[in-house]
Q: 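Dropping a structure here in structure tokens format, bear with me for questions.
Basis for what follows: all heavy atoms, side chains included, without hydrogens, waters or symmetry-related copies. Here is the naming used below: chain letters follow the sequence lines, and residue numbers restart at 1 for every chain. Everything quoted here is computed from the prediction, not taken from an experiment.
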Amino acid sequence: MTEIPKEEFILKCTSACAGCSSSLSLRYVLKAAGPETVLVIPACCTSVIQGVYPRTALRVPVYNIAFAAAAACASGMSASYQKKGMKMNVIVYAGDGGTVDIGLQALSGAFERETHFLHICYDNEAYGNTGMQRSGSTPLGAITSTTPSGKIHPKKDIDQIVEAHRPPYMATACSAYPLDLFQKVKTALSIEGSKFIHLLSPCPPGWRYPTEKSIEVGKLAVKTGAWILWEREHGSLRISGPSRAAMKTPLPLEEYLKIQGRFQAITLEQVQELQHSITRTMERIRCELEKPCT
Amino acid sequence: MHLIATGNKGVAEAVLQAQPDVVAAYPITPQTEIVEQIAAFISEKRLDCQYIPVESEHSAMAACIGASATGARTFTATSSHGLLYMHEMLHWAAGARVPVVMANVNRALGPGWNVWAEHTDAFSQRDTGWLQVFASTVQEVYDTMLMAFRIAEDEKVLLPMMVNLDGFSLSHTMQPMEKIETGTFIPPFSLPHAIDTLHPVAYGPLTGPDEYFRFRADMERSMRSSRLVIRDTEAEFARLFGRTYRETEEYQVEDADVLLVAMGTFGKEAEVAVDKLRKEGIKAGSLRVRWFRPFPRLDLAGRDIVVIDRGYSFGFGGVLSMSIRATSRAEPYSVIAGLGGQEVTYHDMADFVRDRKPGKEYWFGVKDDV
Ligand code: SF4
């Protein structure tokens, strides 16, 4: 059984919304990373969560940087630590905007150059910091402030984009499964090169559910297969514990959708499309696990 | 050691001697030779430096900021659209107080595509908080690059610095250049606010108006103290290596009835125009403005001046001429010339002086009045 250290690196004075799961996840990320860590934060909810100058809610150095620039800033830090011969965990903790949209070019460049760093995308599936506008990561059918009748485009598949860079390690995680996240961060940080963790972060104001239900929503995402937990180390794929059952017998997707107000305008066709996309992803995963694959 | 070098080579040779820890750069004409040369130095093991071949200029500056924040000496080079693409990060670098040093090869901006010299790229970065200097010869490029590290990294400054050189007319022009033994002229870099895991702080978090305002005021305080640091550094350079640089370079100014004022290579061409005019009996002089930020304090009130501007602020005027008007209560004849690499010879410059109309603006080569 993995022991999660008692030492806290995120203090009880964050400015996160009640029930925010991305700050909860950050707590475990930092427990896994420890004190020899520099966090790079582009514009995102964590720019706010960390607190207001001159205070900070984080006990590791935090470097705030412009929206599009996180992975590039981390590249510079990583190069400098390499030059100094210093071991340091350089971790980008970016939202979906800073990863899949405006941050994509820098991310792609850093991964292509095999920069030694870990990029964590905590995905709350919208621009949370500016009041919940759609992002490329917003799922089909979800209401946001710029898609008032539901998004008509499907969620961008950032995992496939990152995978195309052949990183030595990438994984998905969900804030409802902190132990799984903790282990994945540990593994990622033990590997040389560019690592990516895509972390689903249920967000009460954005997803429109009561604040106490963040864990429940996260668990439903996994149990319905809407979010599949896996890790890919040096190319080989492994399904993580919590998703194994869901891969065999997922709960009906509606269980996940109906608990969230953002899906209240979703059409039947869109639900079918979402379901279809889950089935396709599961098939692709199964196919890869049962090699040879056609 | 004496050699024949281009402006780009002059930059690279100075960078080699300054020994940066991290260089992050993206190629762009006419800067490319600089980064190629630095990459060659690294692969020949003459320079022990991490070279980050970034995917854009925005990332080049972001990487320099990240590296500098950990206490690394950093360098990048760009030009034109590359500089504009960096713009957001230029503000960030200055605000974060990281003394990144950059060479900018001045080039026109699209559309249409034009790779030749113009100063609008650098002028557009006027308010970013970067120190900016313009060189006019290969030797000056090299010398100024060496001084740039010392000036930017000085604790009283800690602002990033841009060394400008004209595209092609300086970047690709061969001139004799003396390489010097720098010895201890560039001290080791130590950033007082470097990232330190033993003393974790948040850099650039949410900041209220009062604190934010103090940070901005502090930038201006440092910009002002940079004048002294620049003066001392240039004086020390002259003492050690025998070449003198100041905020401006004056040529036959004292007894001059009329002054040609320009920046970059035009400032050198103006000296030839002065010789020509003097032969004709016109007592001309030339004043080459080297520093753009901080802008020099000029004493030109009441003087007859012709300013040649290689950059324009639409709806306002020639950038250099308006700066001079604002800082020295002079009424220059403002000549807009050399945009997009337009050829301007000393004969043309002599014409500007002969045909001058104080207080008026003239677009060289444009038939109709602008
Ligand atoms: S908007 Fe969502 S992700 Fe952002 S702080 Fe609030 S709960 Fe957390």
Q: B/D48 versus chain A, heavy atoms under 4.5 Å apart: side chain, backbone, both or neither?
A: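 B/D48 touches chain A through backbone and side-chain heavy atoms alike.
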
Q: Taking side chain as everything from C-beta outward and backbone as N, CA, C, O, which of these in B/V201 sits under 4.5 Å from a heavy atom of chain A? Side chain, backbone, both or neither.
A: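 Backbone only.
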
Q: Quick one: do B/F292 and B/L131 satisfy side-chain contact (heavy atoms from CB on, under 4.5 Å)? Show the steps, please.
A: CA-CA 8 Å; B/F292 182 59; B/L131 276 70; over 6 Å; no

Q: Which residue out of B/L198, B/I52, B/I65 racks up the most heavy-atom pairs below 4.5 Å with chain A?
A: B/I52

Q: In a check of side-chain contact (heavy atoms from CB on, under 4.5 Å) between B/M102 and each of B/L90, B/V163, B/N164, which one passes?
A: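 Answer after filtering B/L90, B/V163, B/N164: B/L90.
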
Q: Go through the atoms of B/F215 and report whether side chain, backbone, both or neither lie under 4.5 Å from a heavy atom of chain A.
A: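 The side chain, not the backbone.
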
Q: For the residue pair B/R150 and B/F185, would you count it as a cation-pi contact if the rule is NZ or CZ under 6.0 angstrom from the ring centre and within 45 degrees of the ring axis?
A: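 Ring-cation test returns yes.
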
Q: Is there side-chain contact between A/L118 and A/Y169, with at least one heavy-atom pair below 4.5 Å?
A: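 They are not in side-chain contact.
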
Q: Check whether B/M61 gets within reach of chain A through its side chain, its backbone, both or neither, counting any heavy atom under 4.5 Å.
A: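 Contact with chain A is absent: no heavy atom of B/M61 under 4.5 Å.
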
Q: Using non-hydrogen atoms and a 4.5 Å limit, figure out which bit of A/V48 sits close to chain B: side chain, backbone, both or neither.
A: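 It is both, since atoms from each part get that close.
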
Q: Looking at B/C64, B/A72, B/G208, B/P205, which one has more heavy-atom pairs under 4.5 Å with chain A than the rest?
A: B/P205

Q: Heavy-atom distance under 4.5 Å to chain B: side chain of A/T37, backbone, both or neither?
A: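 When you check distances to chain B, only backbone atoms of A/T37 fall under 4.5 Å.
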
Q: Relative to chain B, which segment of A/M86 carries a heavy atom at a distance below 4.5 Å: side chain, backbone, both, or neither?
A: neither

Q: Taking A/A66, A/G109, A/S75, A/A106 one by one, which has the highest count of heavy-atom pairs under 4.5 Å against chain B?
A: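 Looking at each of A/A66, A/G109, A/S75, A/A106 in turn, A/A66 comes out on top.
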
Q: Counting distance only, does the side-chain N/O of B/T74 pair as donor-acceptor with the main-chain N or O of B/V23 below 3.5 Å?
A: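 Checking the backbone N and O of B/V23 against the side chain of B/T74, no donor-acceptor pair under 3.5 Å is found.
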
Q: Measuring heavy-atom distances to chain B, does A/V52 have an atom under 4.5 Å in its side chain, in its backbone, in both, or in neither?
A: both

Q: Going by an N to O cut-off under 4.0 Å, is there a salt bridge joining B/R224 and B/E220?
A: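 Yes, charged N to carboxylate O under 4.0 Å.
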
Q: Any side-chain heavy atom of A/K84 sitting closer than 4.5 Å to one from B/D21?
A: no

Q: Tell me whether A/S21 contacts the main-chain N or O of A/P202 through its side chain, where contact means a donor paired with an acceptor under 3.5 Å.
A: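 Between the backbone of A/P202 and the side chain of A/S21 there is a qualifying donor-acceptor contact (under 3.5 Å).
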
Q: Hey, which of A/E112, A/Q105, A/R59 has the most heavy atom pairs under 4.5 Å with chain B?
A: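 When all of A/E112, A/Q105, A/R59 are compared, A/Q105 has the most.
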
Q: Looking at B/E153 and B/R73, is any side-chain nitrogen of the basic one under 4.0 Å from a carboxylate oxygen of the acidic one?
A: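 Salt bridge present between B/R73 and B/E153.
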
Q: Under a 4.5 Å cutoff for heavy-atom pairs, which residue among A/P61, A/G51, A/S15 has the most contacts with chain B?
A: A/P61

Q: In terms of side-chain heavy atoms, does A/Y127 have a donor or acceptor partner in A/D96 at a distance below 3.5 Å?
A: no

Q: With a 4.5 angstrom heavy-atom cut-off, is it the side chain or the backbone of A/Q50 that approaches chain B, or both, or neither?
A: side chain

Q: Under a 4.5 Å cutoff for heavy-atom pairs, which residue among B/M89, B/Q50, B/H91, B/E211 has the most contacts with chain A?
A: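 Looking at each option in turn, the highest pair count goes to B/Q50.
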
